[in-house]
Asker: 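Sharing a structure here in structure tokens format.
Only this structure's heavy atoms are used, side chains among them; waters, hydrogens and symmetry mates stay out.
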Amino acid sequence: MLHSNKRQPQAHDLEKVHTECDDLITMWGKLQGAIDRFSKIAQPGEEQEATNSKPRKFTYGRPEFLQLNDDEVQVCQDIYTRPIIVPRDEMLLLRTAGYAEVINGGKSKLNEDQSTSKQFFIKKKSVRNGAAATEIPLEPITDGGPMNEIPVTYFAIFDGHAGPDAAVMASKLLHKLIEEKLNGVKDFIFEIAGPTKGQLGESKHDSKSISIHSLVIGALEQSFISMDQQIIDEKQNYTISGGCAVIVALFLLGKLYIANAGDCRAIYCNKKVTVQLSNDMTPHYERQRIMIQAMTRPELIGEDFTYNEYTRRITRNDIGKRILYRGPMMTGWSYKVADEDDLKVPLIFKLGGKSRLMQTIGVSRGFGDHDLRVFDSRIYLKPLLSAVPEVKVFDLKSNVEDAVLVMASDGLWDVITTEDVRTTVYNVLNQSRKDDPKRFNAVAQELVMQARGTPIHGMNGWTKKDGTAGSFDDITVLVIPLGDGV
């Protein structure tokens, strides 16, 4: 479903999308026919490096729940009009969630963001007379009744860079790995959960007290590591370009698990407060982990970089003078006398969200990037990157009546504050009927529209309503209601 209207959308505005989509497809068909007369056009996912004959693991496309045909995929890749895409069938997203996306303004030819929404089950098995385990016939879970399966709801956003392949692959496989790892510890989970739904407790294994939280967190961590390793393994036979940041929301037994590896972000908000549920995994945020690793393995950073940090770039005029610095083991600042080693390039360049590792990459965790090197050098960055997620747990038993979870790629967060997101969420919800299933699509659409802005006439840029620069990046937004009162 495509939309490019610039005013704040109401839920009923989405009914107009099919007509707009048909018009855009017709226009695209005419343009494509003209271009085809002069050159052959490669379809998304079919372009390969001239020197690389390996096929791609998965064909490029947009998220399955969007149900876009080939022509619609082509339309939504227009980096000049940047149409906003929302699902045509809102029932395909779980929990009546809303979704919207838009391609970048020219950073890359394809939208390198991907998203997934799935439900799967942790299923109990039985063993009779020493025979192989067999599935117990599934019965509905009712309060006070036996629990033979536990539903798990999964949402994820993958923000690709330097190519879409890692993001596409992870969007197809990560949920399967998580399902596999959770079912690998299902005996412990069912034992701890108790004989009836909702009875959570602890169990003793290897003389240690183990909670369901720790089992789920462990399954998420193991799944992320396995996903990254699978990319390494598959690269032997397939082209898997670039890497991706990833954020996952997992709903399980009354808890929300947020697993983050990269600079996508998730927030909880209600009508009064906003709580950030993930940290942006930038080189600056993870400076101590990265610098300690570089200090203990200096061969990873070569002769041109230093693992010390300075308040400014040190010059030859500073040699022999006192300068402010902090080393890998330090959280505060101190003085040292500058020497030749201090003239090297700092391992982490700039601060905050603009920080870069070895002046190359702005995220410190994620999947892929196994071929990424510092420009014109033999230094690979992957040893200093991590695929392990930071996992946070949020209790869904209270304070969720009018709350929503907003997950988005950094294309949104780079230009809109979390408080502005909360204001927009409830402005749109307050103007729509609570029984309208499209209302959360309308919220996601408005957030994307605000971040993208409108094109600047005669210039290669986009501007927001307040006159500041709009996002030039791919933007993906999920809006997920947490309670029945939203």
Side-chain angles (χ1 to χ4, degrees), residues 1-3 9 11 13-18 20-21 24-25 44-45 58-77 83-103 110-121 151-160 164 166-179 227 244 246-251 256 258-259 264 266 404-409 411-412 436-449 474-482 486:
M1 182 178 288
L2 312 176
H3 192 81
D13 288 336
L14 303 178
E15 300 291 346
K16 302 177 182 178
V17 166
H18 291 299
E20 297 179 13
C21 180
L24 284 169
I25 292 173
F58 293 101
T59 301
Y60 173 84
R62 302 314 305 146
E64 293 178 1
F65 55 76
L66 289 178
Q67 293 187 311
L68 299 182
N69 60 39
D70 291 342
D71 286 335
E72 291 169 326
V73 170
Q74 290 286 352
V75 169
C76 70
Q77 302 311 323
I84 296 174
I85 319 300
V86 296
R88 63 163 46 88
D89 183 355
E90 65 280 351
M91 301 306 293
L92 293 180
L93 273 172
L94 301 168
R95 298 182 65 96
T96 66
Y99 176 88
E101 69 172 40
V102 71
I103 193 172
L110 301 175
N111 186 337
E112 294 178 340
D113 286 1
Q114 292 289 333
S115 299
T116 311
S117 172
K118 296 287 183 181
Q119 185 174 65
F120 53 87
F121 296 87
V152 181
T153 303
Y154 165 96
F155 294 92
I157 293 175
F158 306 87
D159 183 355
V168 171
M169 182 173 175
S171 72
K172 303 289 187 184
L173 300 179
L174 181 60
H175 60 280
K176 297 180 180 180
L177 290 172
I178 294 174
E179 180 180 4
M227 184 70 254
C244 69
V246 55
I247 191 164
V248 165
L250 206 68
F251 293 84
L256 167 62
I258 299 293
C264 297
V404 299
L405 169 69
V406 179
M407 298 169 60
S409 58
L412 178 81
D436 189 338
K438 299 180 179 181
R439 62 201 302 254
F440 294 104
N441 274 341
V443 175
Q445 176 186 316
E446 172 63 12
L447 289 171
V448 171
M449 192 178 299
D474 302 314
I475 310 170
T476 298
V477 176
L478 275 164
V479 180
I480 307 166
L482 298 178
V486 183

Asker: Would you give the length of the straight line joining atom CD1 of Ile84 to atom CG of Asn441, rounded to the nearest 0.5 angstrom?
Answerer: 12.0 Å
Asker: I'd like to check Phe251 versus Leu94 (side-chain heavy atoms, cut-off strictly below 4.5 Å). Are they in contact?
Answerer: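 Answer no - side chains too far apart.
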Asker: Can you sort out the partners of Ala156 under side-chain contact (heavy atoms from CB on, under 4.5 Å), two or more places apart, ordered by chain and number?
Answerer: Tyr154, Phe158, Val248
Asker: Return the CE to CG distance between Met227 and Leu177, rounded to the nearest 0.5 Å.
Answerer: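 Here the interatomic distance stands at 6.0 Å.
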Asker: Quick one: list whatever passes side-chain contact (heavy atoms from CB on, under 4.5 Å) with Thr96, sequence neighbours left out.
Answerer: Phe440, Pro481
Asker: Does the side chain of Asp474 come within less than 4.5 Å of Glu101's, by heavy atoms?
Answerer: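 They are not in contact (no side-chain heavy atoms under 4.5 Å apart), so the answer is no.
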Asker: Without swapping roles, check the side chain of Gln77 against the backbone of Gln74 for a donor-acceptor pair under 3.5 Å.
Answerer: no
Asker: Are side-chain heavy atoms of Ile178 and Leu250 found at a separation under 4.5 Å?
Answerer: yes
Asker: On a heavy-atom basis, which atom in Cys244 and which in Ala170 lie closest, and how many Å separate them?
Answerer: SG-CB, 4.4 Å
Asker: I'd like to check the side-chain contact (heavy atoms from CB on, under 4.5 Å) partners of Gln67; sequence neighbours left out, ordered by chain and number.
Answerer: Arg88, Asp89, Leu92
Asker: How long is the span from the OG1 atom in Thr153 to the CD1 atom in Ile480, to the nearest 0.5 Å?
Answerer: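 Going from OG1 on Thr153 over to CD1 on Ile480, the span is 9.5 Å.
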Asker: If every non-hydrogen atom of Leu405 is compared with every non-hydrogen atom of Ala266, which pair is closest and at what distance?
Answerer: CD1-CB, 4.0 Å
Asker: Return the CG to CG distance between Leu478 and Leu412, rounded to the nearest 0.5 Å.
Answerer: 11.5 Å
Asker: Could you tell me whether Lys118 and Glu179 make a salt bridge, using a distance below 4.0 angstrom between a side-chain N and a carboxylate O?
Answerer: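 A salt bridge is absent here (no side-chain N lies under 4.0 Å from a carboxylate O).
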Asker: Ignoring hydrogens, what is the shortest heavy-atom contact between Ser409 and Asp113? Give both atom names and the distance.
Answerer: OG-OD2, 2.9 Å
Asker: Closest approach of Cys76 and Pro83, non-hydrogen atoms and distance?
Answerer: CA-CG, 4.0 Å
Asker: side-chain contact (heavy atoms from CB on, under 4.5 Å) with Ser115: which residues, sequence neighbours excluded?
Answerer: Pro63, Phe65, Tyr99, Ile157, Thr476
Asker: Please tell me if the side chains of Gln119 and Pro151 come closer than 4.5 Å, counting only heavy atoms from C-beta onward.
Answerer: yes
Asker: Show the nearest heavy-atom pair for residues Ala100 and Val86, with the distance to one decimal.
Answerer: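 Nearest pair, atom of Ala100 first, then Val86: CB-CG1, 3.8 Å.
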Asker: Flag the pair Leu173 / Phe58 as yes when at least one side-chain heavy-atom distance between them is below 4.5 Å, and no otherwise.
Answerer: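 Answer yes - side chains close enough.
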Asker: Within a strict 4.5 Å, meaning less than it, do heavy atoms of the Asn111 and Ile85 side chains meet?
Answerer: no
Asker: Which heavy atom in Val168 sits nearest to a heavy atom in Thr59, and how many Å separate them?
Answerer: CG1-O, 4.1 Å
Asker: Would you call Leu447 and Val406 a side-chain contact if the rule is heavy atoms closer than 4.5 Å?
Answerer: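 Yes - at least one pair of side-chain heavy atoms lies under 4.5 Å apart.
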Asker: If you round to the nearest 0.5 Å, how far is CG of Leu174 from CE of Met169?
Answerer: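 Taking CE in Met169 and CG in Leu174, the distance rounds to 11.0 Å.
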Asker: Using the test salt bridge (charged side-chain N to carboxylate O under 4.0 Å, His left out), find all partners of Lys172 that sit at least two apart in sequence or belong to another chain.
Answerer: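 Listed in chain order: Glu64.
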Asker: Return the set of residues passing salt bridge (charged side-chain N to carboxylate O under 4.0 Å, His left out) with Glu112 (not counting sequence neighbours), or none when no residue passes.
Answerer: none
Asker: How long is the span from the CD1 atom in Ile258 to the SG atom in Cys264, to the nearest 0.5 Å?
Answerer: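 One gets 11.5 Å once the value is rounded to the nearest 0.5 Å.
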